[in-house]
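Let me begin by presenting the structure, written as structure tokens, before commenting on it.
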Amino acid sequence: EPEVTQTPSHQVTQMGQEVILRCVPISNHLYFYWYRQILGQKVEFLVSFYNNEISEKSEIFDDQFSVERPDGSNFTLKIRSTKLEDSAMYFCASSGVKGNEQFFGPGTRLTVL
Amino acid sequence: GNSVTQMEGPVTLSEEAFLTINCTYTATGYPSLFWYVQYPGEGLQLLLKATKADDKGSNKGFEATYRKETTSFHLEKGSVQVSDSAVYFCALWMDSSYKLIFGSGTRLLVRP
């Protein structure tokens with residue numbers, strides 16, 4: 001069964017450093033998403049990406065964040081200068097059709113020290 | 001704005017007990033509604049969904065009915081198992097948007 005994969009599973013970084021979180025969505029999906037979950041809190045939407053551009057983003061997704069689909073398979077989230085409050089579990093998701101089931105990856109736990 | 005409210009956990013039950021996890025929503029319009037489950041150490045998996053009023057979603061013995069009059073989508077299961085222990089998230093999606101809006105999650109612990 002096809003699945004969304006994410007690497008790394010855990011990333012530890014120093015405050016102010018850049019991090020890139022990687023995702024491989026399901027191969028024939030066209031819509032891609034990033035969400036995050038701060039420990040003990042709800043899952044929050046960050047950004048959606050379709051047709052090589054951002055289709056929607058939340059207030060959390062400020063200038064420190066960017067997304068890219070550098071090739072036909074990867075989808076990345078970059079945080080330019082990490083802050084302590086960026087520590088969270090980051091989930092990538094993809095869907096074949098807008099509004100259809102979003103398939104989630106296992107997440108990357110980001111710890112900012 | 002649009003939002004989802006879930007009952008606070010943890011919910012602790014004995015095996016074979018009846019489960020209800022309450023979920024209500026606020027939305028300007030007619031959302032699609034989802035239940036996702038997160039097993040320990042794993043990502044979110046879609047459990048069931050309903051796209052219009054009075055639809056009933058069901059999967060693996062779980063059910064939820066989309067009630068427009070009470071803006072609710074409560075999750076039920078007649079007889080829980082230890083393997084159902086997980087965190088359950090209610091979510092909504094509006095067709096004017098790309099994002100899922102999640103509730104805060106409810107942890108279920110089933111004891112043998």
Side-chain angles (χ1 to χ4, degrees), chain A residues 1-7 9-10 21 23-26 29-51 53-61 67 75 88-109, chain B residues 1-10 21 23-27 29-52 55 57-60 62 64 66 86-107:
Chain A
E1 187 176 327
E3 59 182 15
V4 177
T5 59
Q6 290 185 243
T7 54
S9 57
H10 192 188
L21 309 183
C23 168
V24 178
I26 294 173
H29 283 184
L30 301 175
Y31 297 82
F32 313 111
Y33 314 85
W34 284 101
Y35 292 81
R36 79 172 185 189
Q37 184 182 29
I38 293 172
L39 188 63
Q41 297 185 27
K42 63 173 64 177
V43 177
E44 302 172 293
F45 170 79
L46 293 177
V47 66
S48 61
F49 192 84
Y50 169 69
N51 201 25
E53 61 182 25
I54 290 174
S55 45
E56 187 174 354
K57 62 182 181 179
S58 71
E59 293 168 354
I60 303 167
F61 195 87
V67 289
F75 180 52
M89 182 74 90
Y90 287 80
F91 292 106
C92 174
S94 69
S95 64
V97 175
K98 184 187 175 191
N100 209 345
E101 176 183 356
Q102 293 184 19
F103 289 81
F104 283 77
T108 293
R109 180 167 297 286
Chain B
N2 302 322
S3 65
V4 176
T5 302
Q6 286 183 239
M7 63 188 288
E8 292 220 7
I21 299 177
C23 169
T24 57
Y25 67 89
T26 302
Y30 303 101
S32 296
L33 299 171
F34 302 83
W35 277 100
Y36 277 82
V37 58
Q38 185 180 30
Y39 297 103
E42 298 184 16
L44 299 161
Q45 301 174 27
L46 179 67
L47 182 59
L48 53 84
K49 68 178 183 182
T51 57
K52 60 184 189 299
D55 267 1
S58 61
N59 186 25
K60 299 181 183 178
F62 291 89
Y66 187 165
V87 180
Y88 292 81
F89 292 91
C90 186
L92 70 80
W93 179 83
M94 304 295 297
D95 63 9
S96 57
S97 169
Y98 290 83
K99 65 186 177 191
L100 284 167
I101 297 173
F102 285 90
S104 54
T106 303
R107 181 175 299 278

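Being a predicted model, the structure only gives us computed values, none of them experimental. Numbered from 1 within each chain, the chains take letters A, B, ... in sequence-line order.
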Measuring heavy-atom distances to chain A, does [X] have an atom under 4.5 Å in its side chain, in its backbone, in both, or in neither?
{"X": "B:Phe89", "value": "side chain"}
{"X": "B:Val4", "value": "backbone"}
{"X": "B:Gln38", "value": "side chain"}

Flag side-chain contact, heavy atom, 4.5 Å: [X] against [Y]:
{"X": "A:Leu21", "Y": "A:Gln6", "value": "no"}
{"X": "A:Glu101", "Y": "B:Phe34", "value": "no"}
{"X": "B:Tyr66", "Y": "B:Pro31", "value": "yes"}

Contact winner vs chain B - A:Arg109, A:Glu56, A:Gln41, A:Lys42, heavy-atom pairs under 4.5 Å: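 Highest number of heavy-atom pairs under 4.5 Å: A:Glu56.
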Chain A contacts, top residue of B:Leu100, B:Val87, B:Leu46, B:Thr51 (heavy-atom pairs, under 4.5 Å):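 Option with the top pair count is B:Leu100.
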[X], part contacting chain B, at a heavy-atom distance under 4.5 Å:
{"X": "A:Gln37", "answer": "side chain"}
{"X": "A:Ser55", "answer": "both"}
{"X": "A:Tyr31", "answer": "side chain"}

Do any N or O atoms from the side chain of B:Gln6 and from the backbone of B:Tyr88 form a donor-acceptor pair under 3.5 angstrom?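 Yes; judged by distance alone, with no hydrogens or angles, the pair exists.
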Can you name the one residue among A:Phe104, A:Phe91, A:Tyr90 that meets ring pair (Phe, Tyr, Trp, His ring centres under 6.0 Å) with A:Tyr35?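 The passing option is A:Phe104.
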Hey, would you say the B:Tyr98 and A:Tyr50 ring centroids sit under 6.0 Å apart?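 No; A:Tyr50 has its ring centre 6.0 Å or more from that of B:Tyr98.
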